Asks: 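Handing you this structure, nothing more for now.
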Number of protein chains: 2
Amino acid sequence: MARGITRTQIIDSAATLVNTDSFAALSLAQIASQTGIKVPSLYNYVTGIDDVRQALATRGAQEILAVVVQAAVGRAGTAAIMAVAVAYRAYIVHNPGVYTATIQTANPDPAFQHANAELLRVLTQILAPYQLSEPDLIHALRGLRSLVHGFATLEISGGFGMPVDLDASFVQMVQTFIGGISYTTA
Amino acid sequence: MARGITRTQIIDSAATLVNTDSFAALSLAQIASQTGIKVPSLYNYVTGIDDVRQALATRGAQEILAVVVQAAVGRAGTAAIMAVAVAYRAYIVHNPGVYTATIQTANPDPAFQHANAELLRVLTQILAPYQLSEPDLIHALRGLRSLVHGFATLEISGGFGMPVDLDASFVQMVQTFIGGISYTTA
DNA sequence: TGACAAAACTAATATCATTAGTTTACAGTC
DNA sequence: GACTGTAAACTAATGATATTAGTTTTGTCA
């Protein structure tokens with residue numbers, strides 16, 4: 001008996017599985033097989049498959065926050081927005097399963113809520129230089145998230161026919177957005 | 001035995017179920033219960049649950065196409081883009097389950113492919129007046145789809161905190177986009 | 001009326017998640 | 001160094017799922 005499995009290892013295994021296979025196909029049987037224990041033993045570390053899904057969602061939210069913060073430091077204005085958008089999209093493309101968990105899992109975990117709130121705070125800070133009115137700020141925040149989320153999810157689901165020039169399309173889209181809020185300001 | 005169930009009724013039932021409950025929770029047991037027959041009898045009309053999912057996806061694509069075409073007729077330029085975006089979002093918000101099927105189901109059905117191709121053609125026509133270069137046209141198409149898809153999916157998954165002023169946010173976002181492609185042209 | 005096909009059914013199998021109850025392994029104590 | 005208690009693994013069983021096989025019923029048409 002290879003005693004010594006940890007909850008973290010289980011979530012790690014689940015993350016790998018959902019990123020390589022799919023979030024929908026995640027099962028305890030897969031996780032048990034990868035971690036070398038039997039399915040019921042998993043219940044020593046998680047309360048069920050929903051617990052695993054929520055843990056993935058929380059991890060995803062925290063990782064996105066980290067990636068976004070990393071992209072934002074030392075940058076301001078349009079450069080900051082572009083860097084954040086690019087980093088956000090990159091995370092989604094490289095972690096499609098975990099990101100899917102982030103949006104498809106109802107998650108009351110305070111850590112999840114906190115990471116999301118922090119993300120919103122960072123984005124708000126990045127938009128601060130534009131001195132938008134309260135409603136316009138909300139509009140801009142929603143627009144930015146919609147843009148990046150929409151593009152990335154269509155991208156990982158194969159929604160765009162040919163994969164050519166996806167980078168260029170994304171950059172242009174974000175630039176259009178940046179131009180738009182600039183004009184709103186003026 | 002209430003003989004006379006049809007495949008259409010089964011898909012209708014499934015559509016109602018996914019829109020009121022959720023796409024993920026769809027099961028043959030639910031459909032059988034709603035249509036008044038036993039689960040195995042469903043196999044006289046569908047090849048399995050994946051067949052139902054694909055049928056939902058195809059229906060969604062066709063309905064979206066119809067809604068978009070309806071919004072586009074008699075309009076041109078910015079008015080056409082706005083009308084199409086609003087109609088698209090409205091469809092998603094009112095048919096969240098069917099729309100989810102549209103994006104989460106791998107669907108080789110030619111009718112599905114055709115509806116998507118037609119939608120792309122309509123959107124291309126709407127952008128024609130802007131006389132974009134070939135790559136810019138592709139960028140704009142991707143941007144428009146990302147925008148609407150992203151906003152609507154975040155909306156139906158409760159991604160935006162408060163539901164206040166969602167209409168205003170959406171309109172402003174689309175206007176920003178329209179302004180952006182106009183400037184690209186000039 | 002009788003035969004055939006369509007459409008329902010029951011029964012059975014395999015795969016899930018989950019729970020209950022049991023055994024094993026390790027750590028600290030006498 | 002044996003002993004005990006707990007943590008962590010296990011086997012076994014249950015209920016829900018999709019699916020398949022085989023059977024019965026129903027309606028239509030000759």
Side-chain angles (χ1 to χ4, degrees), chain A residues 1-59 97-98 100-102 104-109, chain B residues 1-59 97-98 100-102 104-109:
Chain A
M1 252 153 273
R3 216 174 160 106
I5 296 297
T6 67
R7 179 181 168 97
T8 303
Q9 282 174 31
I10 290 173
I11 308 304
D12 283 348
S13 168
T16 303
L17 285 168
V18 296
N19 283 334
T20 54
D21 195 354
S22 86
F23 176 69
L26 181 68
S27 73
L28 293 181
Q30 282 183 309
I31 299 173
S33 162
Q34 255 209 1
T35 52
I37 61 177
K38 297 301 169 69
V39 170
S41 301
L42 292 171
Y43 283 78
N44 289 319
Y45 305 98
V46 299
T47 66
I49 184 117
D50 271 336
D51 187 17
V52 176
R53 295 195 183 114
Q54 287 180 16
L56 286 177
T58 298
R59 172 181 294 200
V98 173
T100 302
T102 305
Q104 281 185 18
T105 308
N107 192 350
D109 183 351
Chain B
M1 254 150 271
R3 213 177 162 105
I5 297 296
T6 67
R7 178 180 168 98
T8 303
Q9 282 175 33
I10 290 173
I11 308 304
D12 284 347
S13 169
T16 302
L17 286 168
V18 296
N19 283 334
T20 55
D21 195 354
S22 86
F23 177 69
L26 180 68
S27 73
L28 293 181
Q30 282 183 310
I31 299 173
S33 163
Q34 256 209 0
T35 52
I37 61 177
K38 298 300 169 70
V39 171
S41 301
L42 292 171
Y43 284 78
N44 289 318
Y45 305 99
V46 299
T47 65
I49 185 115
D50 270 336
D51 187 17
V52 177
R53 295 194 184 115
Q54 287 179 16
L56 286 177
T58 298
R59 172 180 295 199
V98 173
T100 302
T102 304
Q104 282 186 17
T105 309
N107 192 349
D109 183 351

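Just so it is clear, the structure is predicted and the values come from calculations on it, not from any experiment. Residue numbering restarts at 1 for every chain, and letters A, B, ... go by the order of the sequence lines.
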Asks: Go through C/dA20, D/dA18, C/dA11 for me and flag the one nearest to the B/I49 side chain.
Replies: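 Nearest to the side-chain atoms of B/I49, counting from C-beta on, is D/dA18.
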Asks: Answer yes or no: is there a side-chain heavy-atom contact under 4.5 Å between A/R7 and A/D51?
Replies: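 In short, these two side chains touch, coming nearer than 4.5 Å.
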Asks: Distance check needed: C/dA8 C1' versus B/Y45 OH, whole Å only.
Replies: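 Rounded to the whole Å, the gap is 8 Å.
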Asks: How far apart are the closest heavy atoms of A/A106 and A/Q54, and which atoms are they?
Replies: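 Nearest heavy atoms, A/A106 then A/Q54: O-NE2, 3.6 Å.
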Asks: From C/dC9, D/dA9, D/dA18, pick the nucleotide closest to the side chain of B/I37?
Replies: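 The closest nucleotide is C/dC9.
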Asks: Would you mind reading off the distance between B/D51 atom CG and D/dT20 atom P, rounded to a whole angstrom?
Replies: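 Rounded to the whole Å, the gap is 12 Å.
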Asks: Which nucleotide sits closest to the side chain of B/L28: C/dA7, D/dA18, C/dT18?
Replies: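 Nearest to the side chain of B/L28 among the choices is D/dA18.
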Asks: Establish, with yes or no, whether the OP1 or OP2 oxygen of C/dT19 is under 4.0 angstrom from a side-chain nitrogen or oxygen of A/Y43.
Replies: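 For A/Y43, the contact criterion (side-chain N or O under 4.0 Å from OP1 or OP2 of C/dT19) is not met.
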Asks: What is the separation between atom CG on A/N44 and atom C1' on C/dT22, rounded to the nearest whole Å?
Replies: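 Rounding to the nearest Å, CG of A/N44 and C1' of C/dT22 are 13 Å apart.
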Asks: Can you give me the closest heavy-atom contact between A/L28 and A/Y43, atom names plus distance?
Replies: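 Minimum heavy-atom contact is CD1-OH, 3.4 Å.
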Asks: Could you work out which one of C/dA20, C/dC9, D/dT17 sits closest to the side chain of B/S27?
Replies: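 It is D/dT17.
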Asks: Consider the side chain of B/V39, meaning its heavy atoms from C-beta on, and name the nucleotide among C/dT18, C/dA8, D/dT19 that approaches it most closely.
Replies: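 Minimum distance to the B/V39 side chain belongs to D/dT19.
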Asks: In whole angstroms, how far is the C1' atom of C/dT18 from the CZ atom of A/R53?
Replies: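 Taking atom C1' of C/dT18 as the reference, CZ of A/R53 is at 13 Å.
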Asks: Would you indicate, yes or no, if C/dC9 has its OP1 or OP2 atom less than 4.0 angstrom from a side-chain nitrogen or oxygen of B/S41?
Replies: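 For B/S41, the contact criterion (side-chain N or O under 4.0 Å from OP1 or OP2 of C/dC9) is met.
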Asks: Can you check the A/Q9 CD to D/dA8 P distance for me, whole Å?
Replies: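 Taking CD of A/Q9 and P of D/dA8, I get 12 Å after rounding.
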Asks: Would you kindly give the CG-to-P distance between B/D50 and D/dT20, to the nearest whole Å?
Replies: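 Those two atoms, CG and P, are 11 Å apart.
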Asks: Should B/V18 and B/L56 count as side-chain neighbours, where that means a heavy-atom distance under 4.5 Å?
Replies: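 Side-chain contact under 4.5 Å: yes.
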Asks: Check the distance between D/dC10's P and A/K38's NZ and give it to me in whole angstrom.
Replies: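 Going from A/K38 (NZ) to D/dC10 (P), I get 6 Å.
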Asks: Please report, rounded to the nearest Å, how far the P atom of C/dC16 is from the CD atom of A/Q30.
Replies: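 After rounding, the reported distance stands at 8 Å.
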Asks: Considering only heavy atoms from C-beta outward, does the side chain of B/T6 approach that of B/D12 to under 4.5 Å?
Replies: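 Result no, sub-4.5 Å side-chain heavy-atom pair not found.
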Asks: Of all the choices, D/dA8, D/dT11, D/dT17, which nucleotide is nearest to the side chain of B/A29 once you look at every atom?
Replies: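 Output: D/dT17.
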